[in-house]
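When reading the values below, keep in mind they use all heavy atoms of this one structure, side chains included, and skip hydrogens, waters and symmetry mates. In what follows, chains are A, B, ... by sequence order, proteins preceding strands, each numbered from 1.
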There are 2 protein chains.
Amino acid sequence: MTKIDDVARLAGVSTATVSRALRGLPTVSAATRRRVLAAAEQLQYAVSPNASRLAGGKTGTVAIVVPRITRWFFGTVVESVEDFLDQNGYDLLLYNLGGREQTRQRVLRTASLHKRVDAIILVATPLRPADVTALTKLALPGVTISSGSGVPGWPCVRIDDVAAARTATRHLLDLGHTRIAHISGDPDDELAFTTHLDRRHGYQEELRADGIPTDPSLDVESQFTIDGGIRATAELLARGEPPTAIFAACDEMAMGAMTALRDAGLRVPQDVSVIGIDDHDLAGVLGLSTVAQPAAEQGLLAARILLDPLGVRTADPYPGLVPPTGDADGDSPTPPVILPTRLVVRESTAPPRAH
Amino acid sequence: MTKIDDVARLAGVSTATVSRALRGLPTVSAATRRRVLAAAEQLQYAVSPNASRLAGGKTGTVAIVVPRITRWFFGTVVESVEDFLDQNGYDLLLYNLGGREQTRQRVLRTASLHKRVDAIILVATPLRPADVTALTKLALPGVTISSGSGVPGWPCVRIDDVAAARTATRHLLDLGHTRIAHISGDPDDELAFTTHLDRRHGYQEELRADGIPTDPSLDVESQFTIDGGIRATAELLARGEPPTAIFAACDEMAMGAMTALRDAGLRVPQDVSVIGIDDHDLAGVLGLSTVAQPAAEQGLLAARILLDPLGVRTADPYPGLVPPTGDADGDSPTPPVILPTRLVVRESTAPPRAH
DNA sequence: CTGAAAGCGCTTACAG
DNA sequence: CTGAAAGCGCTTACAG
C-alpha cells in the first residue's frame, strides 16, 4: 500500500504538505499542489481513513439508525441520506435495529457511537430515558426523523401526523362515510413508535368535528406491516357488521387491509373504502388512496441540517421552511421542521353504497 | 473521553494487558481480566475503532455495494447481511450506487475501499474489465451476489436465473398459453445487470421445448422497475393483439404490467395472465404468481462465506449446498453457490380464455 | 502471564 | 507557503 511518505518523497515535499495539498487547504502554493496531486495520482494514493481520523479527530462518518430498512419509509429515507452523504464525502454506517433489543442497547447505550461517527440520524427510534441520557452524554450532533421522543438539542424533521390522519379521515367523511374504522399500531410495535398515537388522535378529532362518536369496536391495534393490516382487518370483520371505510395508519397496513377484504369476499371500494398514509411505491399499482408524505425529502433535509454545522457547504438547509431556532446548548426544545403531506385520491375510496 | 490508559491506571496494569483482556485473548490471567473488565465497566470505556484499526491492521468493517437499496431484492439482502454482521461485531458500510456512475467509479476503482474495509460484498453490480482489475489488486476477500461478471477468486451466491425463467414459462405453458410475452431489462438498465439475459434465455428455451417459435414482437425491453413494467406493457399492447400471458423478469415489472393492463381495461388473469420472479413482499397482496427466490438467504450465505476466512466462528456456511471448491488464489473460477427457487401460484395466472 | 517500547499512517500546532 | 516533530489511541512483537 502506498502511503503518504511515498507521495511526499515523489513530490519532493514533506508529508505535512502532502496532507494539506490533498485536502485542498489554502496554504499551499499552486505549483506545489500540482506536483503533489500528480504524485498521488501516479502512485494511486488513497488516504487511510483510520489514520486520518485518529490524527484529525474526525470520523467522516454518520450513523443512521432505522427500525427496519426493508420498510418503504425507512428504505427511502436511508437512500436519500446515503446519496447526500456520499456527495459530500461522508461514509454512512447503517444500524438496522430489526427489533433486536440487544442491538438497540449496544448502539444507543454504549460509547461505541462516540468514537465511530461525527453525527447521528435517528429514524423513528423509540428512546427510553436512559437512552436519551446516553445520547446526550455523547455530545454529538444529531437529528431525529419522524415523531416520538426527542433528544434535547437535536432538531427533528417530520410530518404532522395528526394533520395527515385528519386529512385521510376527512376524505372519507366527505365521501359520505360515517362507519369509519381505524387500524393502527399497538404499544409494543416498535415500527409504529409513537406515530400511531398521533394518527389515532387525528382520526378521532376529525370524527368528532362531524359529531360522529368514536366507536372502540372500529378501532383495532396491530403491527405497522402488511401482516398487521391483514390481522387487524380480519379482527375488524370478526367483530360484526363491517365498516364502510377503513383508515389504515400506514400504506403497508392498508395493503394488508385490501388483502384481508379480498379474502373475505369484500370489494374495494364498492363494499369498503380503504385509505392509508405514506404514498408507498406500490400505492399506485394497487390503486390505493393515501396521504402522501415526503420520505426522501425528510432524509435529505435531516442530512443537510446535520452536516451544516460540520462545515459542509450546503445550500439553504431550510428551503422555505421554518428553521429550528433553538440553540443546541440551550434547554429550550427545538421546534420540529414540519414537511407537508398531501391527499392522493386513487381507486380504493368511493362513496358508501346506498342502503 | 476515557481511553485505554485510564483503564490501565485504574486496573493497575499496562495498556497492553488491558488491550488483551478486553479482546478476550487467552494470555491473561482470570484475576487480571476481572479487574480490567471491572475498570472498563466503571469508566464506561469503549475502544476507539480508528486507533484500534490503525494499530491492528483490521477494519472490522465490511462494505456492501448495491444498485438501489429501495428495490425489494437489494433491501432484503442488505437487511440479512447487516443482521449477521452485527451479531458478529462487524460494521456495515453501505454503498448505494443509485445509478451514479461517479459513485461507481469512486467505490470500485480507487483504493478507498482497501484501507476502509476487510471484505466486500458486491450485489448485482456490473463490472467492467477495469473494475475487475482494480478489485483484484485490492487483494481483499469478497463475494458477489446475483449473476453477472465475477471477480476471480471471489465466491458467488445466486439463483439459477435460466431455470427460474423456465419454471415461470413452463407454468404458463402448462396452463395452455401459447402467446406468452416477455418483458425484461434492457442493456442500459443497471438494475437488470446480466440477470435479464439469463431470464430471457430461459423463457426462449422453454418455449422452444414446446415447439413454440419465439416472437420478437412479444419480447419488450425496459427497466427492472414498476415503471419499466408499465412502459413495457403499454408498448406490448400498442403493438397489436395482446398476448394471453406475460412473463415479467421480476416482480416489480410484473406489478407494473398489472397496472398497465388494468389501465387498458384488461383483467388479470381473465384476459391476461401475469407471472414474475422474486416473491416480493407485496406479491401476496397483489395475488401475483411468481417464482420465489430466497433473497435474505443469499445475503446471509454470502456474509457467512465472507466472514468464515476472517476467523468468525460461524456454523456450516454451506448448509446442504455445494461449496465453492476453488482456492482463492488459483485461476480456476470458483463455481457459484446456487440457491433454489420455487413456483408460487396465486391469482394472477389462469388458463387462457377459450376463443 | 505481563510490561516497555515501537509503530500503525496520518494531522496539527509551532517555527520559520 | 513549508517542514520537523509531536501526538492521535491503540496493538504487537520482543523480553522477561
**Student:** Side chain of A/Ala16: nearest nucleotide among D/dG9, D/dG3, C/dG9?
**Tutor:** D/dG3
**Student:** Which listed nucleotide (D/dG9, C/dC1, C/dC10) is nearest to the side chain of B/Ser29?
**Tutor:**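 That would be C/dC1.
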**Student:** Reading DNA chain D from 5' onward, which residue's closest nucleotide shows up sooner: B/Leu54 or B/Arg23?
**Tutor:**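 Nearer the 5' end of the strand: B/Leu54.
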**Student:** Can you tell me how far P of C/dT11 sits from CG of A/Leu22, to the nearest Å?
**Tutor:**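 Going from A/Leu22 (CG) to C/dT11 (P), I get 8 Å.
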**Student:** Examine distances only and state if a side-chain atom of A/Thr61 and a backbone atom of A/Thr59 form a donor-acceptor pair shorter than 3.5 Å.
**Tutor:**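 Confirmed, A/Thr61 side chain pairs with A/Thr59 backbone.
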**Student:** Quick one: is D/dA4 close enough that its OP1 or OP2 comes under 4.0 Å of any side-chain N or O from A/Ser14?
**Tutor:**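 Result: no.
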**Student:** Whom does C/dC14 pair with, Watson-Crick or G-U wobble, provided both distances fall under 3.5 Å?
**Tutor:** D/dG3
**Student:** Rounded to whole angstroms, how far apart are CD1 on B/Ile4 and C1' on C/dT2?
**Tutor:** 14 Å
**Student:** Consider only side-chain N and O atoms of B/Ser19 and B/Arg23, and report whether a donor and an acceptor are under 3.5 Å apart.
**Tutor:**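 Indeed, the side chains of B/Ser19 and B/Arg23 share at least one donor-acceptor pair under 3.5 Å.
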**Student:** Specify the residue among B/Ala51 and B/Arg20 whose closest nucleotide of DNA chain C lies further upstream toward the 5′ end.
**Tutor:** B/Arg20
**Student:** Taking only side-chain nitrogens and oxygens of A/Ser52, does any of them come within less than 4.0 Å of OP1 or OP2 of C/dT11?
**Tutor:** yes
**Student:** Round to the nearest Å and state the distance from B/Leu25 atom CG to D/dT11 atom C1'.
**Tutor:**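 My rounded result for the distance is 10 Å.
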**Student:** Grab the CZ-C1' distance between A/Arg35 and D/dT2 for me, whole Å please.
**Tutor:**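 So the CZ-C1' distance, A/Arg35 to D/dT2, works out to 11 Å.
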**Student:** Between A/Thr15 and C/dC10, does any side-chain N or O lie under 4.0 Å from OP1 or OP2?
**Tutor:**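 No, A/Thr15 has no side-chain N/O under 4.0 Å of OP1/OP2 on C/dC10.
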**Student:** Is the phosphate of C/dC10, meaning OP1 or OP2, less than 4.0 Å from a side-chain N or O of A/Tyr45?
**Tutor:** yes
**Student:** Quick one: label A/Pro26 by what it contacts on the DNA or RNA (base, sugar-phosphate, nothing), any heavy atom closer than 4.0 Å.
**Tutor:**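 Since only primed, P, OP1 and OP2 atoms lie under 4.0 Å of A/Pro26, the category is sugar-phosphate.
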**Student:** Is the phosphate of D/dC8, meaning OP1 or OP2, less than 4.0 Å from a side-chain N or O of A/Lys115?
**Tutor:**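 Indeed not, no polar side-chain atom of A/Lys115 lies that close.
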**Student:** Is a salt bridge present between B/Asp91 and B/Arg53, judged by a nitrogen-to-oxygen distance below 4.0 Å?
**Tutor:**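 Salt bridge present between B/Asp91 and B/Arg53.
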**Student:** Strictly distance-based, threshold 3.5 Å: is any side-chain N or O of B/Asp131 a donor or acceptor partner for the main-chain N or O of B/Arg128?
**Tutor:**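 It does hold such a pair.
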**Student:** Does the base of C/dG9 carry an N or O that pairs as donor and acceptor with the side chain of B/Arg53 under 3.5 Å?
**Tutor:** no
**Student:** Closest nucleotide of DNA chain C for B/Thr32 versus for A/Ser48: which of these residues is on the 5' side?
**Tutor:**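 On the 5' side of the pair lies B/Thr32.
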**Student:** When you check the phosphate oxygens OP1 and OP2 of D/dG3, does a side-chain N or O of A/Thr17 lie under 4.0 Å from one of them?
**Tutor:** yes
**Student:** Say whether, by atom type as modelled, one donor and one acceptor occur between the side chain of B/Lys58 and the main chain of B/Asp118 under 3.5 angstrom.
**Tutor:** no
**Student:** Round to a whole Å and report the spacing from CG of B/Asp5 to P of D/dC10.
**Tutor:**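 So the CG-P distance, B/Asp5 to D/dC10, works out to 7 Å.
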**Student:** Students often get this wrong, so: under 4.0 angstrom with heavy atoms, is B/Thr27 touching a base, only sugar-phosphate, or nothing?
**Tutor:**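 Touches a base.
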**Student:** Rounded off to whole Å, could you give me the CZ-to-P distance for the A/Arg34 and D/dT2 pair?
**Tutor:**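 My rounded result for the distance is 12 Å.
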**Student:** Between the side chains of A/Thr32 and A/Ser29, is a donor N or O closer than 3.5 angstrom to an acceptor N or O?
**Tutor:** yes
